[in-house]
Amino acid sequence: MMKRLSGEIRLYLASAWYSYRALYAWQKFGPYISVKLAFPLAQMLLFLFMGRLAGLKDPLYIVIGNILLLPATNGVAGVSMTISGERDFRTLPYLIASPASRGPLFLGRSLVHIVDGLFSTIGALLLGVLFFHVDLTHSNLTLTALCILLLSVTSCGLGLILGSLSLRTREAWTITSMVSMAFYILSGVNFPVAVLPKFLQAISYSLPLTRGIAAARQALNGADWLSIEPLVTGELLIGLVYIIAGYFLFIWFEKRSLVDGQIETV
Amino acid sequence: MRRSRMYMSRSFKRARYNPLPFIWKQMNVQFRLRALSIFSLGLLVVQPAVFSAVGYLLARMAGKAVPDLVHVIIGGGIMGLWSSLVFTSFFDISNDRREGILELIVGSPTSLSTVLAIRTLTNVLTGTLSMLLSFLVVLLFFRFSIPLQNIPYIAISLLVLMFGFWCIGLFLAHFRVVTRATGMFINYLELPVAILAAFMFPIEYLPRWIMWLSNSIPIRWGVTGLNSSFQPRIQSGTIWQDWGTSIGISLLYLIVTYFLSRKVRDMIRVSGELSSV
């Protein structure tokens, strides 16, 4: 049992290390940082100006929401891209043919994206403080950090579900992009979920980001553990459901693809 | 002897080059590629719909029943056109390279720049679908009324805007060929240009210190012209100025693109760097 567990951990870390070397090790610090800061800044500014056009009085709601979305989008896009990237580079059949456990293999590859998402969030928070006067003096920073970490992990489940589609369609990455875009509406980033029509509220609360973002937002406003505990627990549970669903969906798609001989079918 | 002379005279009689079949075939292939791609659907329909929905819901949150339709809905359509153009025109060459047809294109008698020009034009035309949808939404769902006398202004503004998009798309397509390193930042070019050209909010919101950068983008002037053409009272002097500036800057981009295309030609034919494309 212990031997198997240590093997899985070794596979997880080796997978993360390969992913780091393939995607990040060759990048230069300057361009990497500028790109990391440019996107969140642009995203915040666009929605901020749109909020101003709408006549919103509290632009910080949008700024903070978009900062908190970063770890989640990195988690979703990172895991999905990891699997669809294998397909694009024609290495997916080799991985499928290998006896390695799918969980540590693919989730390990997403570890660097999670870490990258955390760096992006820290960078975006600094931008928020510098340019938009986000006040962190009353924030519960420990709880905020915990919520951000939680968002990074729980969002991986949705990424795994979307990435699994790579086994059956070439458009998994496109679908992931579209779903990630829907977060601007559904996850309470730019406006409270209560603004949405009822059926969209139901979808919003079934996503693994909405509660996490709400909890992080409250922690940034100085809330203590007791007040955000239900949100954190809900986020954790729903995140686990998505991770388990994603894992089994991947296994199912893999089996189906092997049975009908249609890995990378389209 | 007489017969061979007759053949010679025939062979020297060159057929007049008709570019239309070439243009049609290129556009046909490009249209089919776009029509069958879910990626295009996402860029042309889903993305503008999401941005417009955010604008609409923000307005609702602020207590307004109807948002600023020109910026929120039609601006969303322009955003769709831009996103589609930036990702298609920029990555067309990469796709050719990956599929192994770049060599065939370069080896054909038609220059790579001509192929890129037609493809970019097709991408702009495909992108207008996004704008057409936004017009339909505004007219059918929100019952937005456009005064009849504004229609010629709107039509000219759209043409000026599309010309600006074509020039910038062509520039980006060549830029990709010159240096492959641009691939990293192009993903992050989409939103900054959307902000600098103020697709979804009034240009006056931008801080003054960044206006020089905004003013150097032709579509920024095209968008201002289009927005003005929707106003009940059109100030023709201002709108002509916007159109003129947009066309002028677009032409500047075309000149730069011409020099880029010469560099590309040299890279391919003189220094044999096709693989670097």
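Numbers restart at 1 for each chain; the letters A, B, ... are given by sequence-line order, proteins then strands.
Atom CG of A:L53 and atom CG of B:D68 lie 4.5 Å apart (nearest 0.5 Å). Taking CG of B:L191 as the start and CG of A:L41 as the end, the distance is 10.5 Å to the nearest 0.5 Å. The CD1 atom of B:I195 sits 5.0 Å away from the CG atom of A:L45 when rounded to the nearest 0.5 Å. Here CG of A:L46 is found 5.5 Å from CE of B:M79. Values are rounded to the nearest 0.5 Å. Here the CD1 atom belonging to A:I62 is positioned 5.0 Å from the CG atom belonging to B:L58, to the nearest 0.5 angstrom.
The minimum heavy-atom distance linking A:A54 with B:K64 is given by the pair O-NZ, 3.1 Å.
B:P192 touches chain A through backbone and side chain together, each having a heavy atom under 4.5 Å away.
Your options are B:F39, B:Y205, B:F201, and the one with the most heavy-atom pairs under 4.5 Å with chain A is B:Y205. Here B:Q47 is the residue among B:R60, B:Q47, B:H71 with the most heavy-atom pairs under 4.5 Å with chain A. Among A:F49, A:W173, A:Y184, the residue with the largest count of heavy-atom pairs under 4.5 Å with chain B is A:F49. Between chain B and the options A:L196, A:I175, A:V189, A:V195, the largest number of non-hydrogen pairs under 4.5 Å is found for A:V195.
Counted within 6.0 Å of CZ on B:F31, heavy atoms from surrounding residues, nucleotides or ligands total more than 12; the atom is thus considered enclosed. With a 6.0 Å radius and a threshold of 12 heavy atoms from other residues, nucleotides or ligands, A:F119 has its CZ atom at or below the threshold.
B:F51 has its ring centre less than 6.0 Å from the ring centre of A:F47.
Contact check for A:M178 versus B:V50: no side-chain heavy atoms found under the 4.5 Å cut-off.
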